[in-house]
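Reading through the structure tokens given below for one structure.
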Amino acid sequence: MIEKKLEEAFNDQINKELFSAYLYHAMKLYFEELNLQGFVNWFDVQVQEERAHAYGMINYLNERGGKVDFRAIEKPVVEGSTPLEVFEHVLRHEEFVTSRINALADVADEVRDRAAINFLNWYIKEQVEEEASVGGVLATLRLIGDDKKALLMLDKDLAARVFNQPVIG
Ligand code: FEO
């Protein structure tokens with residue numbers, strides 16, 4: 001069994017992960033409008049990753065005898081009107097998710113649930129990778145500035161991203 005306080009924290013994070021998938025889907029549509037298909041692909045992979053993050057927690061909570069409680073998913077609002085500004089929003093969002101994962105791990109610590117701490121270590125590592133990958137694209141976008149040719153080259157690079165089903169936990 002899992003402590004109620006930890007169960008609540010997991011349910012809250014499941015909602016945040018599902019919201020992340022929703023937000024990135026909205027961003028994917030923004031790039032569809034610009035016809036930047038590499039960016040579209042990048043966000044498509046991002047959506048799948050966020051779903052995998054949510055499902056990983058859903059399955060874990062279930063496995064631990066906790067009750068999964070689905071909540072309403074907030075309406076996503078894409079901030080910014082350029083690719084650079086949208087990626088600044090992505091980074092802000094990932095930093096927020098990192099802070100929530102850390103807060104969830106703090107609850108697991110507080111209730112001394114070693115199995116959950118071990119499980120959450122995967123997410124802590126994943127957030128380091130997420131922030132680094134977003135930060136990389138953001139740095140390139142800052143270099144690109146208003147150079148449309150360079151933006152199209154980045155778009156080509158982002159088309160190569162593929163989704164690999166993560167083995168969580
Ligand atoms: Fe599930 Fe992008 O954090």
Side-chain angles (χ1 to χ4, degrees), residues 2 6-32 36 38-64 66 68-80 83-109 113 115-142 154 157-169:
I2 195 159
L6 185 55
E7 178 188 270
E8 168 56 31
F10 263 108
N11 276 314
D12 184 61
Q13 190 57 32
I14 288 165
N15 182 269
K16 300 275 185 300
E17 299 292 343
L18 291 171
F19 171 74
S20 300
Y22 218 32
L23 175 66
Y24 293 143
H25 206 141
M27 289 177 174
K28 176 183 153 176
L29 295 173
Y30 162 82
F31 285 101
E32 284 272 15
L36 288 169
F39 281 88
V40 169
N41 174 66
W42 193 93
F43 279 96
D44 188 52
V45 172
Q46 198 69 10
V47 168
Q48 292 181 72
E49 285 199 352
E50 297 305 342
R51 283 195 196 125
H53 295 168
Y55 297 163
M57 285 188 185
I58 291 165
N59 292 339
Y60 183 75
L61 190 52
N62 213 22
E63 190 184 327
R64 291 287 310 274
V68 175
D69 177 33
F70 286 139
R71 286 125 196 224
I73 299 169
E74 196 186 320
K75 176 182 166 61
V77 177
V78 179
E79 292 165 14
L84 174 65
E85 286 170 359
V86 171
F87 261 85
E88 282 170 344
H89 184 189
V90 176
L91 186 59
R92 276 197 304 281
H93 183 68
E94 283 305 326
E95 287 169 349
F96 166 71
V97 172
T98 299
S99 74
R100 298 313 304 160
I101 296 275
N102 288 340
L104 172 57
D106 285 347
V107 176
D109 241 348
D113 190 325
I117 293 165
N118 187 45
F119 172 76
L120 287 169
N121 278 336
W122 184 89
Y123 284 86
I124 291 168
K125 268 194 261 163
E126 174 73 359
Q127 281 311 117
V128 174
E129 280 176 31
E130 292 255 291
E131 285 189 27
S133 118
V134 174
V137 179
L138 195 49
T140 308
L141 280 169
R142 285 196 178 116
L154 173 61
D157 287 351
L158 298 184
R161 188 182 188 198
V162 288
F163 174 66
N164 295 308
Q165 186 70 45
V167 181
I168 299 178

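Please read all numbers here as calculations on a predicted model, not as lab measurements. Remember, it's 1-based here, ligands and their atoms both numbered in the order they're listed.
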ask   = Roughly, to 10 degrees, what angle do His53 atom ND1 and Glu17 atom OE1 form around atom 1 (Fe) of ligand 1?
value = 100°
request  = Check whether any N, O or S atom of Glu50, backbone or side chain, sits closer than 2.8 Å to atom 2 (Fe) of ligand 1.
outcome  = yes
task = Only counting residues at least two apart or in another chain, list the ones meeting salt bridge (charged side-chain N to carboxylate O under 4.0 Å, His left out) with Glu7.
result = Lys4
ask   = Between Asp109 (side chain) and Ile117 (backbone), is there a donor-acceptor pair under 3.5 Å?
value = no
inquiry  = Suppose we only count N/O/S atoms under 2.8 Å; would Glu130 qualify as near atom 2 (Fe) of ligand 1?
reply    = yes
ask   = Under 4.0 Å between a Lys/Arg side-chain N and an Asp/Glu carboxylate O for Asp113 and Arg64?
value = yes
message = Could you check whether any side-chain N or O of Asn62 sits under 3.5 Å from a backbone N or O of Val68, counting only pairs where one atom can act as donor and the other as acceptor?
response = no
message = Let me check your reading of the structure: within less than 2.8 Å of atom 2 (Fe) of ligand 1, is there an N/O/S atom from Glu94?
response = yes
